[in-house]
Amino acid sequence: MELIINGQTQVMEQAETVEDVIRELGLLGKPLVAEADGTVLTSGQWVSTRVSPGMRIELVHFVGGG
Amino acid sequence: MEEMQMDSEQMKERYSRQMLFPPIGEAGQRKLMNSSVLIVGMGALGTVLANHMVRAGVGHIRMVDRDYVEKSNLQRQMLYDEQDVINMYPKVIAAEKKLRSVNSMVNLEAIVADVTLGNIDALLKGMDLVLDGTDNFQTRFLLNDACYKAGIPFTYGGAVSSRGMSAIFVPGRTPCLRCFIQTGDSGGETCDTIGVIAPVVDIVASYQAVEAMKLLVGAEDHRRSSLVTFDIWFNRFYELKFGEPLPGCPCCQLKQYPALEWKEGEAAVSLCGRETVQIRGNAELDLPVWQERLKPIAREVTLNPFLLRVELPEGERLVMFPDGRVLVQGTEDIVRAKTLYARYIGH
C-alpha cells in the first residue's frame, strides 16, 4: 500500500503496523519518535497501530551532534 | 543612586535594540541581567548559544566543556580562531577570552571538565536554565534527569549533516526528553562520521537561544510547545507538537531519574567517531611533573597552563588535564587506550 512517510509517498507491501514500517526502513532501536496522522505514538503503540493506505507517518530522528 | 543611573544608561546604550522589542523592554532586560544559565558543551552549538547569551546580557553564564580547540572545529565553532588551535586552549578558556571582549558587563565562568554524575549538582547550583550544547545522548539524559529533579528548564538542541532539532523542556509543564526517546543509539551518525554544515548549527542554537530568552523574561505564553525538526539542505521542516508526558516516563512521571543512579562509573569512554578514548583517572595530574617525566620517552611534549599534550612513540597522542582526565587520541579501541594509559601513566 502507499504510505506518506516524512512527506514522501512510499509503497510498503509487507507492512501491517507502524512497527513493521519502522523495521522495514531499518530504524528499529534508533532514537526515533513516530507520529501517525498527526498523533504521536509511544513506542509501545507502534506494534498495535495498523497502517492504512494514504496514512501520513512522520518518523522524527533525534539528532545527537552538537 | 548615581551608580544606578549610570548602570541604567549603560544598559540602554548597549541593549537598546533588544529593549525596543516590546516583549523584552526594560523589565525583560533587567530579568536577563539577573539570570544565570549553564551551557554544557562548547562546540558548535555551545559557541552560538554562549554568543547569544553574552550579547543579550544574561548576567551570569557558566560554561563547561571537556575538550580543547582543534583545527577541524574552526569550520563551525564560531568563537575560535587559528591562534586557539596553536595554543591548544581548552574550548571554554578560548571562549571566555573571546566573550569577555564582547561584553564585559556579564559574569562568565569557564569550567574545564567532563559533566558527570559526580559534578552535575554543583554545576546546576544557582542556575535558572540549562542550554544543551553536548554531542551525545548519554550526557543529555544526565542533563534531562538532573534538570527535572532540580526543577530547572532545559533546552535540547542537536545537529548533524544538514539536519537539526530543538525543544525546550520545562519540569512540571512539558514532557521531558525521555518521553520521546528511550535510547541514545544514533547508529553511528555523528558529526565526526557523516559531517555537519555550519548553518544548521546556527539555526538550532538560535531556536534554543530564543526559547531561553522567552523563559528568562517570563514570556511563558509564547513558549514553543513542540519539537522543531528540519533539514535545511533538502528543504524540510516539521514540528512535532508536545502532547501529554509519556505515562510511566521514568524521569518526569515516575521520578526515578535513571541517569542519576550511581553506577560503577565507566572510567573509560570512547568519544564517538573522534578516534579518541577518554580515561578518567583517580588522581589529579601535576602537569609540569608529568612533562618532565614523559619528555625523555615521548616524540614531543607540549605544555600550556591547561593541558599537556604528549606525542607517543607508538603514534597515538595523550592529552592530559589537571583534573585527572586523559584523552588517548588516535584510537577508538578502549583496550588499546587503557594499555597506553597503563604504560605511561600507570595506576
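Every chain is numbered from 1 and lettered A, B, ... according to where its sequence line falls, protein lines coming before strand lines.
- Between the CZ atom of B/Arg163 and the CZ atom of A/Phe62 there is a distance of 13.0 Å, given to the nearest 0.5 Å.
- Note that the CD atom of B/Gln182 and the OG1 atom of A/Thr42 stand 8.5 Å from one another [nearest 0.5 Å].
- If you measure heavy-atom distances from B/Leu246 to chain A, the contacts under 4.5 Å come from the side chain alone.
- B/Thr134 touches chain A through its backbone: at least one of N, CA, C or O sits under 4.5 Å from a heavy atom, while the side chain does not.
- In terms of heavy atoms, B/Phe137 sits closest to A/Gly64 at CE1-CA, 3.6 Å.
- Interface remark: B/Phe180 contributes backbone and side-chain atoms alike to the contact with chain A (heavy atom separation under 4.5 Å).
- More than 12 heavy-atom neighbours from other residues, nucleotides or ligands sit within 6.0 angstrom of CZ on B/Arg236.
- For the pair B/Tyr238 and A/Val60, the tightest heavy-atom approach, listed with the atom from each and the gap, is CD2-CG2, 4.3 Å.
- Here the straight-line distance linking atom CD of B/Glu239 with atom CD of A/Glu35 works out to 10.5 Å at 0.5 Å rounding.
- Neither the backbone nor the side chain of A/Leu27 comes within contact range of chain B, judged by heavy atoms closer than 4.5 Å.
- Neither the backbone nor the side chain of A/Thr39 comes within contact range of chain B; no heavy atom of the residue lies under 4.5 Å from a heavy atom of that chain.
- To the nearest 0.5 Å, the span separating CG on A/Leu59 from OG1 on B/Thr229 amounts to 11.0 Å.
- Of all the listed residues (B/Val201, B/Leu240, B/Asn136), the one sharing the greatest number of non-hydrogen pairs under 4.5 Å with chain A is B/Leu240.
- With a 4.5 angstrom heavy-atom cutoff, B/Phe242 does not touch chain A via any of its atoms.
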